[in-house]
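In what follows, a structure is listed as C-alpha coordinates, so that the remarks can point back to it.
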Amino acid sequence: MKRNYTGCAICDSTWGNVWAEVEGERLFFCCDICVTQFRRLVDRVKRETGWTSLDALDITGDRRGRTCVAASGRESLRFFIAFTPQGEIRSFGRLTG
Amino acid sequence: MTSCPACLRPLGQADLLALAEHLGDEAEASEPAHVRWLNQNLTRKKVPAAELLPGLERVYDLGSGTLKEWIKARFISKFFGPVPHPFVTALQHPSRATLLGYVVEHQHFLRQWVRSCAYIMARTDEPKVILYELDNLTTEYGGPGPGRVAHYELLLRMGESLGVDRSRVLTTPPLPSTREGVEGWNDIATRQHWVAALAAMHSLELIANRNLVQDGASVHYFDPSILSGSEIPDAAKNFLREGYEADVTHSDEALDLVTEFGSRPDLREEVQSTFLRSIDLFDDYLLARLERAAEFEA
Ligand SMILES: [Zn+2]
Ligand SMILES: [Zn+2]
(Lines give C-alpha, C1' and ligand atoms only; values in the text may rest on other atoms or scores of the structure.)
(Ligands and ions follow the chains in the order given, each with its own letter.)
Protein backbone atom coordinates (compact mmCIF):
# COMPACT_ATOMS: atom_id res chain seq x y z
CA MET A 1 0.00 0.00 0.00
CA LYS A 2 1.34 3.40 -0.98
CA ARG A 3 1.17 5.75 2.01
CA ASN A 4 2.14 9.36 2.75
CA TYR A 5 3.32 8.52 6.29
CA THR A 6 6.72 7.02 6.99
CA GLY A 7 6.22 6.73 10.78
CA CYS A 8 3.21 5.15 12.48
CA ALA A 9 0.69 4.24 9.79
CA ILE A 10 -2.04 6.26 11.53
CA CYS A 11 -0.33 9.20 13.25
CA ASP A 12 3.15 9.31 11.66
CA SER A 13 4.84 9.23 15.08
CA THR A 14 8.21 7.52 15.23
CA TRP A 15 7.94 6.72 18.95
CA GLY A 16 7.04 3.20 20.01
CA ASN A 17 7.81 -0.10 18.42
CA VAL A 18 4.80 -2.13 17.35
CA TRP A 19 4.74 -4.07 14.09
CA ALA A 20 1.53 -5.55 12.80
CA GLU A 21 0.47 -7.21 9.58
CA VAL A 22 -2.40 -5.49 7.82
CA GLU A 23 -3.51 -6.34 4.28
CA GLY A 24 -0.55 -8.69 3.91
CA GLU A 25 1.96 -5.99 4.74
CA ARG A 26 4.05 -5.56 7.90
CA LEU A 27 3.55 -2.00 9.14
CA PHE A 28 5.04 0.12 11.88
CA PHE A 29 2.84 1.64 14.62
CA CYS A 30 3.58 3.73 17.70
CA CYS A 31 1.20 1.79 19.94
CA ASP A 32 -1.55 -0.85 19.91
CA ILE A 33 -4.30 1.75 19.80
CA CYS A 34 -3.03 2.99 16.44
CA VAL A 35 -3.03 -0.62 15.18
CA THR A 36 -6.70 -0.93 16.10
CA GLN A 37 -7.49 2.40 14.41
CA PHE A 38 -5.74 1.34 11.22
CA ARG A 39 -7.50 -2.02 11.07
CA ARG A 40 -10.89 -0.36 11.64
CA LEU A 41 -10.15 2.24 8.97
CA VAL A 42 -9.20 -0.34 6.35
CA ASP A 43 -12.22 -2.53 7.14
CA ARG A 44 -14.57 0.44 6.97
CA VAL A 45 -13.22 1.64 3.61
CA LYS A 46 -13.58 -1.85 2.17
CA ARG A 47 -17.13 -2.09 3.48
CA GLU A 48 -18.07 1.34 2.12
CA THR A 49 -16.62 0.70 -1.34
CA GLY A 50 -16.77 -3.03 -1.87
CA TRP A 51 -13.05 -3.03 -2.70
CA THR A 52 -11.08 -6.14 -1.91
CA SER A 53 -7.84 -4.24 -1.26
CA LEU A 54 -6.38 -0.76 -0.87
CA ASP A 55 -3.53 0.39 -3.09
CA ALA A 56 -2.95 3.78 -1.50
CA LEU A 57 -3.84 5.75 1.60
CA ASP A 58 -3.18 9.40 2.30
CA ILE A 59 -3.90 10.80 5.77
CA THR A 60 -3.96 14.36 7.11
CA GLY A 61 -5.22 15.73 10.43
CA ASP A 62 -4.83 14.63 14.01
CA ARG A 63 -6.61 12.81 16.81
CA ARG A 64 -9.52 15.28 16.63
CA GLY A 65 -10.26 13.92 13.18
CA ARG A 66 -8.46 12.81 10.03
CA THR A 67 -9.21 13.51 6.39
CA CYS A 68 -8.12 10.65 4.17
CA VAL A 69 -7.98 9.62 0.54
CA ALA A 70 -7.93 5.90 -0.18
CA ALA A 71 -7.47 4.39 -3.61
CA SER A 72 -7.93 1.02 -5.21
CA GLY A 73 -7.14 0.61 -8.90
CA ARG A 74 -8.65 3.64 -10.60
CA GLU A 75 -11.22 4.34 -7.88
CA SER A 76 -10.73 6.60 -4.91
CA LEU A 77 -12.62 7.59 -1.77
CA ARG A 78 -12.25 10.78 0.29
CA PHE A 79 -13.49 10.56 3.84
CA PHE A 80 -13.37 11.94 7.34
CA ILE A 81 -12.69 9.61 10.25
CA ALA A 82 -12.36 10.01 14.01
CA PHE A 83 -11.77 7.38 16.67
CA THR A 84 -12.63 6.69 20.29
CA PRO A 85 -9.75 6.64 22.80
CA GLN A 86 -9.82 2.83 22.45
CA GLY A 87 -9.31 3.06 18.69
CA GLU A 88 -12.84 2.22 17.50
CA ILE A 89 -14.50 4.43 14.88
CA ARG A 90 -16.42 7.28 16.49
CA SER A 91 -17.35 9.09 13.33
CA PHE A 92 -17.03 8.45 9.62
CA GLY A 93 -18.26 10.39 6.63
CA ARG A 94 -17.68 10.37 2.91
CA LEU A 95 -16.43 13.67 1.50
CA THR A 96 -17.14 14.87 -1.98
CA GLY A 97 -14.76 16.64 -4.34
CA MET B 1 8.85 16.07 43.28
CA THR B 2 8.85 15.59 39.53
CA SER B 3 6.31 12.98 38.50
CA CYS B 4 5.33 11.56 35.14
CA PRO B 5 2.38 13.31 33.44
CA ALA B 6 1.36 10.02 31.80
CA CYS B 7 1.46 7.61 34.77
CA LEU B 8 2.21 9.86 37.79
CA ARG B 9 5.22 7.80 38.83
CA PRO B 10 7.45 9.90 41.15
CA LEU B 11 10.85 10.53 39.58
CA GLY B 12 12.95 12.57 41.98
CA GLN B 13 13.30 16.16 43.08
CA ALA B 14 13.11 18.68 40.23
CA ASP B 15 14.45 16.08 37.86
CA LEU B 16 13.18 16.71 34.34
CA LEU B 17 16.03 14.66 32.90
CA ALA B 18 14.77 11.62 34.82
CA LEU B 19 11.34 12.36 33.38
CA ALA B 20 12.76 12.58 29.85
CA GLU B 21 14.46 9.20 30.30
CA HIS B 22 11.34 7.63 31.77
CA LEU B 23 9.17 8.91 28.89
CA GLY B 24 11.70 7.60 26.36
CA ASP B 25 11.82 4.16 28.04
CA GLU B 26 8.05 3.83 28.24
CA ALA B 27 7.64 4.99 24.64
CA GLU B 28 10.18 2.40 23.54
CA ALA B 29 7.90 -0.18 25.17
CA SER B 30 5.00 1.35 23.13
CA GLU B 31 3.04 2.22 26.26
CA PRO B 32 0.08 4.17 24.81
CA ALA B 33 -0.34 6.88 27.48
CA HIS B 34 3.35 7.82 27.29
CA VAL B 35 3.51 7.73 23.49
CA ARG B 36 0.41 9.88 23.41
CA TRP B 37 1.83 12.40 25.85
CA LEU B 38 5.03 12.73 23.81
CA ASN B 39 3.11 12.99 20.53
CA GLN B 40 0.74 15.65 21.79
CA ASN B 41 2.98 17.70 24.06
CA LEU B 42 6.53 17.47 22.75
CA THR B 43 7.15 15.83 19.41
CA ARG B 44 6.05 12.94 17.22
CA LYS B 45 9.65 12.41 16.19
CA LYS B 46 11.63 9.99 18.30
CA VAL B 47 14.74 11.65 19.73
CA PRO B 48 17.26 10.68 22.44
CA ALA B 49 16.02 11.47 25.97
CA ALA B 50 18.45 14.35 26.47
CA GLU B 51 16.93 16.14 23.48
CA LEU B 52 13.51 16.10 25.14
CA LEU B 53 14.81 18.21 27.99
CA PRO B 54 14.41 21.71 26.47
CA GLY B 55 10.83 20.89 25.46
CA LEU B 56 10.00 19.56 28.93
CA GLU B 57 11.48 22.70 30.48
CA ARG B 58 9.20 24.79 28.28
CA VAL B 59 6.13 22.74 29.23
CA TYR B 60 6.77 23.07 32.98
CA ASP B 61 8.00 26.68 32.95
CA LEU B 62 5.56 29.14 34.50
CA GLY B 63 7.30 32.10 32.87
CA SER B 64 6.33 35.24 34.74
CA GLY B 65 2.85 33.91 35.54
CA THR B 66 1.30 31.99 38.41
CA LEU B 67 0.39 28.32 38.61
CA LYS B 68 -3.24 29.34 38.08
CA GLU B 69 -2.38 31.17 34.86
CA TRP B 70 -0.28 28.23 33.65
CA ILE B 71 -3.18 25.82 34.29
CA LYS B 72 -5.69 28.08 32.52
CA ALA B 73 -3.49 28.54 29.47
CA ARG B 74 -2.92 24.79 29.11
CA PHE B 75 -6.59 24.05 29.61
CA ILE B 76 -7.64 26.60 26.99
CA SER B 77 -5.20 25.30 24.40
CA LYS B 78 -6.40 21.72 24.90
CA PHE B 79 -10.16 22.25 24.92
CA PHE B 80 -10.80 25.71 23.48
CA GLY B 81 -8.16 26.14 20.79
CA PRO B 82 -8.88 27.07 17.16
CA VAL B 83 -10.41 23.59 16.82
CA PRO B 84 -12.29 23.08 20.10
CA HIS B 85 -12.84 19.66 21.64
CA PRO B 86 -15.54 17.83 19.60
CA PHE B 87 -17.88 17.69 22.60
CA VAL B 88 -17.62 21.47 23.01
CA THR B 89 -18.45 21.87 19.33
CA ALA B 90 -21.46 19.57 19.75
CA LEU B 91 -22.66 21.43 22.84
CA GLN B 92 -22.77 24.84 21.14
CA HIS B 93 -26.30 24.03 19.93
CA PRO B 94 -26.84 20.56 21.38
CA SER B 95 -29.11 17.89 19.95
CA ARG B 96 -31.26 15.75 22.23
CA ALA B 97 -28.74 12.93 21.72
CA THR B 98 -25.80 15.12 22.80
CA LEU B 99 -27.57 16.15 26.01
CA LEU B 100 -28.51 12.55 26.77
CA GLY B 101 -24.94 11.38 26.19
CA TYR B 102 -23.96 14.06 28.67
CA VAL B 103 -26.52 12.87 31.26
CA VAL B 104 -25.69 9.16 31.08
CA GLU B 105 -21.90 9.49 31.36
CA HIS B 106 -21.82 12.53 33.65
CA GLN B 107 -23.76 10.74 36.33
CA HIS B 108 -20.69 8.55 36.86
CA PHE B 109 -18.39 11.55 36.78
CA LEU B 110 -20.35 13.38 39.47
CA ARG B 111 -20.38 10.40 41.78
CA GLN B 112 -16.60 10.24 41.57
CA TRP B 113 -16.50 14.01 41.97
CA VAL B 114 -17.95 13.72 45.46
CA ARG B 115 -15.45 11.03 46.42
CA SER B 116 -12.51 13.05 45.09
CA CYS B 117 -13.54 16.21 46.93
CA ALA B 118 -14.13 14.24 50.12
CA TYR B 119 -10.61 12.79 49.89
CA ILE B 120 -9.18 16.28 49.43
CA MET B 121 -11.07 17.46 52.52
CA ALA B 122 -9.92 14.48 54.54
CA ARG B 123 -6.29 14.90 53.54
CA THR B 124 -5.81 18.65 53.90
CA ASP B 125 -5.49 20.55 57.13
CA GLU B 126 -6.08 23.96 55.58
CA PRO B 127 -9.41 25.38 56.80
CA LYS B 128 -9.80 27.44 53.61
CA VAL B 129 -9.64 24.31 51.50
CA ILE B 130 -12.13 22.47 53.72
CA LEU B 131 -14.60 25.35 53.48
CA TYR B 132 -14.14 25.54 49.74
CA GLU B 133 -14.84 21.83 49.31
CA LEU B 134 -17.86 21.92 51.61
CA ASP B 135 -19.39 24.66 49.51
CA ASN B 136 -18.54 22.85 46.28
CA LEU B 137 -20.03 19.54 47.44
CA THR B 138 -23.20 21.28 48.53
CA THR B 139 -23.70 22.85 45.11
CA GLU B 140 -22.72 19.78 43.14
CA TYR B 141 -24.30 17.02 45.18
CA GLY B 142 -25.97 17.89 48.46
CA GLY B 143 -28.26 20.66 47.32
CA PRO B 144 -27.84 24.28 48.46
CA GLY B 145 -31.07 24.46 50.42
CA PRO B 146 -34.86 24.68 50.21
CA GLY B 147 -36.05 25.27 46.68
CA ARG B 148 -32.57 24.87 45.24
CA VAL B 149 -31.39 21.48 44.10
CA ALA B 150 -27.91 20.11 43.49
CA HIS B 151 -26.24 19.94 40.09
CA TYR B 152 -26.50 16.15 40.24
CA GLU B 153 -30.28 16.34 40.60
CA LEU B 154 -30.49 18.96 37.81
CA LEU B 155 -28.60 16.53 35.57
CA LEU B 156 -31.11 13.74 36.19
CA ARG B 157 -34.00 16.13 35.59
CA MET B 158 -32.45 17.16 32.28
CA GLY B 159 -32.46 13.48 31.29
CA GLU B 160 -36.09 13.10 32.29
CA SER B 161 -37.11 16.20 30.34
CA LEU B 162 -35.64 14.50 27.27
CA GLY B 163 -37.58 11.30 27.89
CA VAL B 164 -35.02 9.15 29.68
CA ASP B 165 -36.00 7.92 33.10
CA ARG B 166 -33.53 8.32 35.94
CA SER B 167 -33.65 4.62 36.74
CA ARG B 168 -32.28 3.92 33.26
CA VAL B 169 -29.58 6.56 33.71
CA LEU B 170 -28.56 5.21 37.10
CA THR B 171 -28.34 1.60 35.94
CA THR B 172 -26.34 2.21 32.75
CA PRO B 173 -22.68 1.22 33.25
CA PRO B 174 -20.05 3.77 32.14
CA LEU B 175 -18.34 3.55 28.76
CA PRO B 176 -14.64 2.54 28.91
CA SER B 177 -13.27 6.12 28.78
CA THR B 178 -15.61 7.21 31.57
CA ARG B 179 -14.60 4.22 33.67
CA GLU B 180 -10.91 4.91 33.08
CA GLY B 181 -11.45 8.54 34.02
CA VAL B 182 -13.26 7.67 37.22
CA GLU B 183 -10.54 5.19 38.20
CA GLY B 184 -7.81 7.69 37.31
CA TRP B 185 -9.38 10.49 39.37
CA ASN B 186 -9.87 8.13 42.27
CA ASP B 187 -6.17 7.24 42.14
CA ILE B 188 -5.23 10.91 41.97
CA ALA B 189 -7.41 11.81 44.95
CA THR B 190 -6.10 8.98 47.09
CA ARG B 191 -2.42 8.87 46.10
CA GLN B 192 -1.23 12.31 44.99
CA HIS B 193 -0.64 15.22 47.34
CA TRP B 194 -3.96 16.88 48.17
CA VAL B 195 -2.93 20.11 46.39
CA ALA B 196 -2.24 18.08 43.24
CA ALA B 197 -5.69 16.48 43.58
CA LEU B 198 -7.23 19.90 44.10
CA ALA B 199 -5.63 21.10 40.86
CA ALA B 200 -6.57 17.94 38.98
CA MET B 201 -10.24 18.05 39.93
CA HIS B 202 -11.16 21.71 40.04
CA SER B 203 -9.24 22.73 36.93
CA LEU B 204 -11.89 20.64 35.14
CA GLU B 205 -14.53 23.16 36.19
CA LEU B 206 -12.82 25.57 33.81
CA ILE B 207 -14.75 23.80 31.06
CA ALA B 208 -17.90 25.76 31.96
CA ASN B 209 -16.13 28.96 33.07
CA ARG B 210 -17.74 31.66 30.96
CA ASN B 211 -14.84 34.08 31.49
CA LEU B 212 -12.40 31.87 29.60
CA VAL B 213 -13.11 33.69 26.36
CA GLN B 214 -11.46 36.77 27.87
CA ASP B 215 -8.36 34.64 28.39
CA GLY B 216 -8.24 33.47 24.79
CA ALA B 217 -10.74 30.60 24.49
CA SER B 218 -12.13 30.40 20.94
CA VAL B 219 -15.69 29.66 22.11
CA HIS B 220 -17.77 29.23 25.27
CA TYR B 221 -18.68 25.74 26.56
CA PHE B 222 -22.02 26.30 24.81
CA ASP B 223 -23.55 29.19 22.93
CA PRO B 224 -25.12 31.27 25.75
CA SER B 225 -28.10 32.05 23.50
CA ILE B 226 -29.45 28.52 24.13
CA LEU B 227 -30.25 29.59 27.72
CA SER B 228 -32.98 31.81 26.32
CA GLY B 229 -35.32 30.77 23.54
CA SER B 230 -36.79 27.31 23.08
CA GLU B 231 -33.96 25.35 21.52
CA ILE B 232 -33.60 23.06 24.57
CA PRO B 233 -36.04 22.12 27.38
CA ASP B 234 -36.20 24.22 30.54
CA ALA B 235 -34.66 21.43 32.61
CA ALA B 236 -31.64 21.43 30.29
CA LYS B 237 -31.35 25.21 30.62
CA ASN B 238 -31.47 24.88 34.41
CA PHE B 239 -28.68 22.32 34.39
CA LEU B 240 -26.45 24.26 32.01
CA ARG B 241 -27.15 27.61 33.67
CA GLU B 242 -26.12 26.27 37.06
CA GLY B 243 -22.67 25.27 35.77
CA TYR B 244 -22.42 28.50 33.81
CA GLU B 245 -22.99 30.46 36.99
CA ALA B 246 -21.28 28.29 39.63
CA ASP B 247 -18.18 27.14 37.78
CA VAL B 248 -16.69 30.61 37.37
CA THR B 249 -16.18 30.98 41.10
CA HIS B 250 -15.57 27.24 41.65
CA SER B 251 -12.68 27.06 39.24
CA ASP B 252 -11.25 30.51 40.02
CA GLU B 253 -11.28 30.04 43.78
CA ALA B 254 -9.83 26.55 43.61
CA LEU B 255 -7.01 27.65 41.32
CA ASP B 256 -6.19 30.49 43.71
CA LEU B 257 -5.86 27.86 46.45
CA VAL B 258 -3.69 25.74 44.17
CA THR B 259 -1.44 28.74 43.56
CA GLU B 260 -1.29 29.53 47.28
CA PHE B 261 -0.47 26.00 48.49
CA GLY B 262 1.03 24.32 45.42
CA SER B 263 3.70 26.73 44.21
CA ARG B 264 6.37 25.45 46.65
CA PRO B 265 9.32 24.09 44.65
CA ASP B 266 8.97 20.62 46.21
CA LEU B 267 5.31 20.39 45.13
CA ARG B 268 4.91 22.41 41.98
CA GLU B 269 5.91 19.81 39.38
CA GLU B 270 3.73 17.15 41.00
CA VAL B 271 0.79 19.55 40.81
CA GLN B 272 1.55 20.28 37.16
CA SER B 273 1.92 16.62 36.17
CA THR B 274 -1.23 15.61 38.01
CA PHE B 275 -3.15 18.37 36.24
CA LEU B 276 -1.73 17.24 32.87
CA ARG B 277 -2.79 13.66 33.55
CA SER B 278 -6.24 14.81 34.60
CA ILE B 279 -6.90 16.77 31.40
CA ASP B 280 -5.93 13.77 29.28
CA LEU B 281 -8.46 11.68 31.23
CA PHE B 282 -11.00 14.47 30.79
CA ASP B 283 -10.40 14.74 27.05
CA ASP B 284 -11.22 11.04 26.68
CA TYR B 285 -14.16 11.27 29.05
CA LEU B 286 -15.73 14.08 26.97
CA LEU B 287 -15.46 11.82 23.92
CA ALA B 288 -17.34 9.13 25.85
CA ARG B 289 -20.27 11.56 26.12
CA LEU B 290 -20.32 11.79 22.31
CA GLU B 291 -19.97 8.04 21.97
CA ARG B 292 -22.99 7.62 24.23
CA ALA B 293 -24.85 10.34 22.34
CA ALA B 294 -24.51 8.27 19.17
CA GLU B 295 -26.73 5.62 20.81
CA PHE B 296 -29.53 8.17 21.10
CA GLU B 297 -29.31 9.41 17.53
CA ALA B 298 -32.47 8.57 15.67
ZN1 LIG C 1 0.39 6.15 16.12
ZN1 LIG D 1 5.15 7.43 33.27
Side-chain angles (χ1 to χ4, degrees), chain A residues 3-22 25-41 43-44 47-48 57-68 79-95, chain B residues 6 23-49 51-52 78-90 101 105 175-181 184 280-295 297:
Chain A
R3 293 174 296 114
N4 62 325
Y5 282 173
T6 51
C8 170
I10 275 284
C11 74
D12 209 20
S13 171
T14 51
W15 293 107
N17 194 18
V18 178
W19 290 83
E21 196 178 307
V22 188
E25 202 179 332
R26 213 166 153 262
L27 298 173
F28 171 82
F29 295 93
C30 68
C31 67
D32 285 333
I33 295 169
C34 283
V35 178
T36 305
Q37 292 183 19
F38 195 80
R39 291 191 193 283
R40 299 295 180 269
L41 183 152
D43 288 348
R44 181 65 181 259
R47 205 173 79 213
E48 290 279 330
L57 179 65
D58 211 84
I59 303 179
T60 53
D62 58 23
R63 73 210 158 91
R64 295 282 188 233
R66 301 178 196 276
T67 300
C68 313
F79 59 96
F80 171 86
I81 193 164
F83 300 94
T84 70
Q86 289 72 37
E88 302 297 331
I89 294 174
R90 181 172 65 73
S91 122
F92 181 94
R94 285 172 179 254
L95 301 170
Chain B
L23 285 166
D25 290 348
E26 291 291 327
E28 194 51 33
S30 309
E31 199 292 310
H34 293 80
V35 170
R36 166 193 183 163
W37 198 87
L38 285 165
N39 283 343
Q40 292 175 9
N41 295 276
L42 292 180
T43 171
R44 288 194 295 184
K45 188 167 154 271
K46 180 174 167 178
V47 292
E51 288 176 35
L52 290 174
K78 193 171 181 74
F79 297 101
F80 295 107
V83 180
H85 188 285
F87 181 78
V88 172
T89 303
E105 296 307 307
L175 286 171
S177 302
T178 304
R179 184 171 39 73
E180 280 164 29
D280 273 352
L281 293 170
F282 194 58
D283 193 309
D284 291 354
Y285 160 65
L286 291 180
L287 290 178
R289 292 183 185 169
L290 286 180
E291 221 181 309
R292 181 69 74 188
E295 293 176 15
E297 254 141 37

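Values below: every heavy atom of this structure, side chains too, minus hydrogens, waters and symmetry copies. Source: prediction; values computed, not measured.
- Applying the side-chain hydrogen bond (donor to acceptor under 3.5 Å, both in side chains) definition to pairs two or more places apart or across chains, those involving residues 31-41 of chain A are A/Arg40-A/Glu88.
- Residues of residues 3-16 of chain A that come within less than 4.5 angstrom of chain B, heavy atom to heavy atom, are A/Cys11, A/Asp12, A/Ser13, A/Thr14, A/Trp15, A/Gly16 in numerical order.
- Counting all heavy atoms, side chain and backbone alike, B/Gln40 lies closest to A/Arg63 at NE2-CD, 2.7 Å.
- Pairs engaging residues 31-41 of chain B under the salt bridge (Lys or Arg N to Asp or Glu O under 4.0 Å) rule: B/Arg36-B/Asp280, B/Arg36-B/Asp284 [sequence neighbours left out].
- Within the 4.5 angstrom heavy-atom criterion, no atom of B/Leu175 approaches chain A.
- Two residues are said to be in side-chain contact when any heavy atoms from C-beta on lie closer than 4.5 Å; B/Leu287 and A/Gln86 fail this criterion.
- Between chain B and the residues A/Cys31, A/Ala82, A/Ser91, A/Pro85, the most heavy-atom pairs under 4.5 angstrom are made by A/Pro85.
- Residues satisfying the side chain to side chain donor-acceptor pair (under 3.5 Å) criterion with A/Asp58, sequence neighbours excluded, are absent altogether.
- If you measure heavy-atom distances from B/Ala27 to chain A, the contacts under 4.5 Å come from both the backbone and the side chain.
- Minimum interatomic distance between A/Asn17 and B/Glu28 (heavy atoms only, all atoms of both residues): CB-O, 3.8 Å.
- Interface remark: B/His85 contributes backbone and side-chain atoms alike to the contact with chain A (heavy atom separation under 4.5 Å).
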